Number of protein chains: 2
Amino acid sequence: MTEGRTLRADAVRNRKKILAAAREQVTAHGPDVGMDEIATAAGVAVGTLYRHFPTKTDLVAAVMEEFVARIADDIEAACGRVAAGGRAWDELTGFLARLIEAAATDQAIKAATQTLGAVPDDKADEDRASTALANLIRTAQSDGDLHPDISVADIYLLFSSVPTDCPPTTRTRWLTLVLFGLNPHGRAGDRTSAR
Amino acid sequence: MTEGRTLRADAVRNRKKILAAAREQVTAHGPDVGMDEIATAAGVAVGTLYRHFPTKTDLVAAVMEEFVARIADDIEAACGRVAAGGRAWDELTGFLARLIEAAATDQAIKAATQTLGAVPDDKADEDRASTALANLIRTAQSDGDLHPDISVADIYLLFSSVPTDCPPTTRTRWLTLVLFGLNPHGRAGDRTSAR
DNA sequence: GATAAAGTCGAACCATGGTTCAGCTTACTT
DNA sequence: AAGTAAGCTGAACCATGGTTCGACTTTATC
C-alpha cells in the first residue's frame, strides 16, 4: 500500500543512515539542526536527503514519529505492569517522571511533547499513547488516587510545556507542583523532595 | 549618571516613535518581528534604529522592560487591595488569570513571562514584581489559602510555560489545573468551569 | 559488459533578516 | 546666515539555512 517502488540496494542503505543520523542530530541539537549537519553526520550529500524526504519538515516528522512511538511503548509497558497488579498512580507518576527527565536530555523528546496535543501526522502511535494513557487514568481514578475529572487532554496540556533548560532539581520541583493538583490526597502524593 | 549627551530635538522625537512602534509590533507579532517592520511602523529608516539601539536584542529588551513594569504594577495594585482588606488568595488568582489572558493576546507578555525566571536585564522592575508577589504569597499562606511551602520561584516556574496558542477554554482549564496544586482546600479553590 | 534507469553529489540558488556605512539632511551654535 | 556636528537614509552587505538541478556514479537488467 505504502509501497513506492522497489528501492535500489544502496538507496535502502542510505535511507537507514539518514534516519539514524537525523535521529542522532535531532536528539542532540533539537529540530533546528541544519540539513547540512544531518547530511554530514550521515556521510551523504544534502541532495540525497531530498531524494528520500521532499522537505526538511518531512524528515523531522519521520524522526518525531519514532519518539512518539517510544513514548507510546513506555505507557503501554506501564499499563501492562498495572494489569499485573501494579498501582496505577505509581505507574502514572513514574511515566511522567521518566518523560520529564527524557525531555531534559533529549531535545527531540522535548519537541515531541509539545507536538503531542496538536497537529500530528503520526496518528497511529499517538492513538496508542492516548488509549494506554486513558487506561492508566481510568484505573488511577477508580483507585481514588487521581481526581475524577482529569482527562488525557489535561495531561497533555500540562506536559506540553515541560521546563527543560533548567537544573534537575527545578524539574523535580515542577513535577511535584503539578502532581499536587492531580492527586486528591493533597500532599500525600508527594514523594519528591521539595525545592 | 546614565546621561549620554544632550540629544537633538528630532532625535528624542524619533526615539519615542521607535519605542512606540517597537512596543506595538512586538505586541502584535512577538519578538521575532523584523527590524524593517519596526522601522516602517515608526516611519523611520532601519539605520535610525541602530543609532538608538546598538542591536536588535537591546531594542527588544527595552520593550520587554516596559511589559515587566506593567506586570509589576499589576501585582503591586493587587497588594494594595489586600492591604485595604481584600483576600490575598483572590487577588493572587485574579492576577494570574489576568496574566494568562494577557499572554494569550499579547505576544510580548508571553515572551516576558518566559523571561521572568531567567537572565533579565531589568533588575529594578523584576524586583518590584518579586517582592510584591512574595508579599501576596505570604498573606495567602497565613490565611491558609495557599500551601505553606510555595515560593515566588514556584509561581514563576509554573507560569513560565503558559499555554498561549490555544482556545480560551483551554487556558482556563490550565489555570484550574495549576490552582488545584496550590490551594490546600482542594477543589474548593475551583471557581473556573472545567473543560 | 553494455545500456538505461535510479541514485548521488555538491555547488549554486534563493529567501530571510540582522547589520553597516557613505552620502545627504537637519538642528543647534556663534 | 554660515558652519559643523549630529542625525537620518536605504541600498548594499553578510550570514544562515532550506532547496534545486545538471553532471556524474552506481545498481540492476538483458
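Lettering follows sequence order; numbering is per chain, from 1. Predicted model, so just to flag it, every value in this text is computed and none were measured.
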* To do: Please confirm whether any donor atom in the side chain of A:R8 sits under 3.5 Å from an acceptor in the base of D:dA28, or the reverse.
  => no
Considering just the side-chain nitrogens and oxygens of [X], establish if one lies under 4.0 Å of OP1 or OP2 belonging to [N].
| X | N | value |
| --- | --- | --- |
| B:T55 | C:dG18 | no |
| B:N14 | D:dG7 | no |
| B:T48 | D:dG7 | no |
| B:H52 | D:dC8 | yes |

Whole-Å gap separating [atom2] ([N]) and [atom1] ([X]):
| X | N | atom1 | atom2 | answer |
| --- | --- | --- | --- | --- |
| A:D32 | D:dG18 | CG | C1' | 12 Å |
| B:Q25 | C:dG17 | CD | P | 13 Å |
| B:Y50 | C:dT19 | OH | P | 4 Å |
| A:K17 | C:dG7 | NZ | C1' | 13 Å |
| B:H29 | C:dG17 | NE2 | P | 12 Å |
| B:D36 | C:dA15 | CG | P | 16 Å |
| A:E37 | D:dG17 | CD | C1' | 10 Å |
| B:R51 | C:dC21 | CZ | C1' | 11 Å |

* Asked: Does one side chain, of B:Y156 or B:S130, offer a donor that lies under 3.5 Å from an acceptor on the other?
  -> yes
* Structure fact -> Taking C:dG7, D:dG7, C:dC9 as options, the one with an atom nearest any side-chain atom of A:V44 is C:dC9
* Please tell me which of the listed nucleotides, D:dT19, C:dG18, D:dG7, lies nearest to the side chain of A:M35? => D:dT19
* To do: Heavy atoms only: give me the nearest A:E91-A:V82 pair and the separation to one decimal.
  => CG-CG2, 3.6 Å
* Asked: Quick one: do B:D125 and B:R128 make a salt bridge, cutoff under 4.0 Å?
  -> yes
* Residue among A:D143, A:T139, A:D145, A:T93 satisfying side chain to side chain donor-acceptor pair (under 3.5 Å) with A:R87 -> A:D145
* Asked: 5'-most contact on DNA chain C: B:V46 or B:R13, nearest heavy atom basis?
  -> B:V46
* Structure fact -> 5'-most contact on DNA chain C (nearest-nucleotide basis), B:P31 vs B:D10, goes to B:P31
* Checking all strands, does A:G34 fall into the base, sugar-phosphate, or nothing category for heavy-atom contacts under 4.0 angstrom? -> sugar-phosphate
* To do: Classify the nucleic acid contact of B:V33 as base, sugar-phosphate or nothing, counting any heavy atom under 4.0 Å across all strands shown.
  => sugar-phosphate
* **Cation-pi, A:F53 ring and A:R15 (6.0 angstrom, 45 degrees)** => yes
